[in-house]
Amino acid sequence: MPGKYTIIYFPVRGRCEAMRMLLADQGQDWTEDVVTGEIWKTGDLKKSCVFGQLPRFQDGGFILHQSNAILRHLARNHGLYGQDAQEAALLDMVNDGVEDLRLKYVRLIYQNYEDGKAAYTEALPGELRPFENLLAQNNGGKDFIVGKKISFADYNLLDLLHIHLVLAPDCLASFPMLAGYVQRLNARPHLKTYLESDARKKLPINGNGKQ
Ligand code: 6SG
């Protein structure tokens, strides 16, 4: 059903890149409804958003806000939420861990980039170590973050790693499982095509030009 999905968001990777990678990798079409700063500043759209923020997502006539809720909705639609209740719970745990680090990253980028970057980079190995450990515990890091099938949490973790590889290009040097995981996921054919597309390459990571 082409045109089923619409992402309504600012022209950035930001909080929508994981869902875009999920959709691209799953062979889904979607529409981008791009909201510029100018449009946003009129305030009309903001008033109509449940929490006054973007992204907003449309699945046909169904409207949803909150990026992690959107990811989970897509996971249920496309069988990306684990094979059983325990895998689903572990995926929730991983996704919450991704969200915790993403919030720290967002605070750095938007509130404290110049003063905070050195300390952030120094603390980064401690933040990434848990994900390396989780991967190592799942079939020696050869599969996905949980189980034997890709999940919504993999796309969110992959985006988290992508943005940190830009912030701190050596951040995976002591994490072989994570480094291999990024290479393996990046090489998935649909995802590779998306990641190499012009539209993706010209989209900034964040809304203030910092990365
Ligand atoms: C910002 O924080 O792009 N949404 C953001 N900002 C506008 O009025 N928990 C939810 C979730 O996971 C967090 C949502 C998120 O979905 S994303 C939002 O709506 C507001 O609060 C990061 C991003 N920022 C760029 C930005 C948007 C408005 C001001 C800065 C684009 C750039 C400059 C103007 C428009 Fe701009």
Side-chain angles (χ1 to χ4, degrees), residues 4-25 28 30-78 80-81 88 91-117 120 127 131 145 151-168 194-195 197 199-211:
K4 188 186 179 212
Y5 293 137
T6 303
I7 292 172
I8 302 116
Y9 194 49
F10 307 112
V12 297
R13 279 158 60 177
R15 283 194 164 273
C16 284
E17 206 49 28
M19 67 184 83
R20 292 183 182 117
M21 291 197 290
L22 181 158
L23 290 169
D25 192 49
Q28 297 296 308
W30 74 95
T31 303
E32 294 276 353
D33 190 344
V34 180
V35 178
T36 60
E38 224 164 281
I39 298 173
W40 186 248
K41 275 183 223 132
T42 68
D44 295 341
L45 178 57
K46 185 174 177 74
K47 267 185 240 147
S48 77
C49 292
V50 173
F51 295 100
Q53 291 195 308
L54 295 178
R56 181 210 292 271
F57 189 81
Q58 286 175 214
D59 177 351
F62 176 61
I63 295 178
L64 192 60
H65 298 83
Q66 289 289 0
S67 58
N68 286 294
I70 297 163
L71 267 184
R72 287 180 159 101
H73 175 66
L74 290 171
R76 291 184 199 99
N77 277 4
H78 297 283
L80 306 169
Y81 217 133
L91 288 170
D92 283 341
M93 178 187 80
V94 169
N95 203 65
D96 285 2
V98 171
E99 175 64 18
D100 285 349
L101 182 52
R102 186 181 294 281
L103 280 172
K104 291 177 191 172
Y105 171 86
V106 166
R107 263 180 240 126
L108 172 74
I109 293 288
Y110 287 100
Q111 292 168 19
N112 193 29
Y113 189 83
E114 285 73 22
D115 292 342
K117 187 175 172 181
Y120 186 96
E127 301 285 351
F131 298 108
I145 195 66
S151 73
F152 73 100
D154 286 298
Y155 299 108
N156 205 12
L157 176 56
L158 181 62
D159 178 60
L160 187 79
L161 297 171
H162 282 160
I163 64 182
H164 281 92
L165 282 166
V166 173
L167 180 80
Y194 170 69
L195 292 173
S197 66
R200 164 53 152 78
K201 278 196 263 182
K202 69 172 194 236
L203 207 58
I205 299 178
N206 301 302
N208 63 355
K210 296 178 182 166
Q211 62 177 30

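Numbering of ligands and ligand atoms starts at 1, following listing order. Just so it is clear, the model here is predicted, and its values are computed rather than measured.
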Fill in: Any non-hydrogen protein atom less than 4.0 Å away from atom 29 (C) of ligand 1
no
Under 4.0 Å from any heavy atom of [X], which atoms of ligand 1 are there?
X	value
R15	11 (C), 12 (O), 13 (C), 14 (C), 15 (C)
P55	16 (O)
V12	3 (O)
Y9	3 (O), 17 (S), 22 (C)

Discussion item. Tell me whether K46 has any N or O atom under 3.5 angstrom from an N or O of ligand 1.
Written reply: yes
Discussion item. Regarding ligand 1, does Q66 bring an N or O atom to under 3.5 Å of one of the ligand's N or O atoms?
Written reply: yes
Protein residue, atom and distance nearest to [atom], heavy-atom basis:
atom	value
atom 32 (C) of ligand 1	G207 O, 4.0 Å
atom 19 (O) of ligand 1	L54 N, 2.9 Å
atom 7 (C) of ligand 1	W40 NE1, 3.3 Å
atom 16 (O) of ligand 1	S67 N, 2.8 Å
atom 23 (C) of ligand 1	Y110 OH, 3.3 Å
atom 31 (C) of ligand 1	F10 CD2, 3.6 Å

Fill in: Option set G209, G37, P11, criterion heavy-atom distance to atom 33 (C) of ligand 1, minimum
G37
Item to complete: Would you mind finding which of Q53, R102, E38, E99 brings a heavy atom closest to atom 13 (C) of ligand 1?
Response: Q53
Worksheet item: Got a second to check how far Q28's CD is from K4's NZ, nearest 0.5 Å?
Response: 7.0 Å
Worksheet item: In Å, rounded to the nearest 0.5 Å, how long is the span from CD1 of I109 to CZ of R102?
Response: 11.5 Å
Worksheet item: Which atoms form the tightest heavy-atom contact between G52 and K46, and what is the distance?
Response: O-NZ, 2.8 Å
Verify whether one side chain among [X] and [Y] offers a donor that lies under 3.5 Å from an acceptor in the other.
X	Y	result
R13	N206	no
S48	R56	yes
Y81	R72	yes
Y110	N208	no

Practice prompt. Dump the intermediate steps for side chain to side chain donor-acceptor pair (under 3.5 Å) on R20 and Y194, then the final yes or no.
Written response: CA-CA 9 Å; R20 292 183 182 117; Y194 170 69; 4.6 Å; no
Discussion item. For a side chain to side chain donor-acceptor pair (under 3.5 Å) check, start with the C-alpha distance between H164 and Y120, then their side-chain angles and the critical distance, and finish with the verdict.
Written reply: CA-CA 11 Å; H164 281 92; Y120 186 96; 2.7 Å; yes
Worksheet item: Which one of F62, W30, Y5 satisfies the ring-ring contact (aromatic ring centres under 6.0 Å, His included) criterion with F57?
Response: Y5
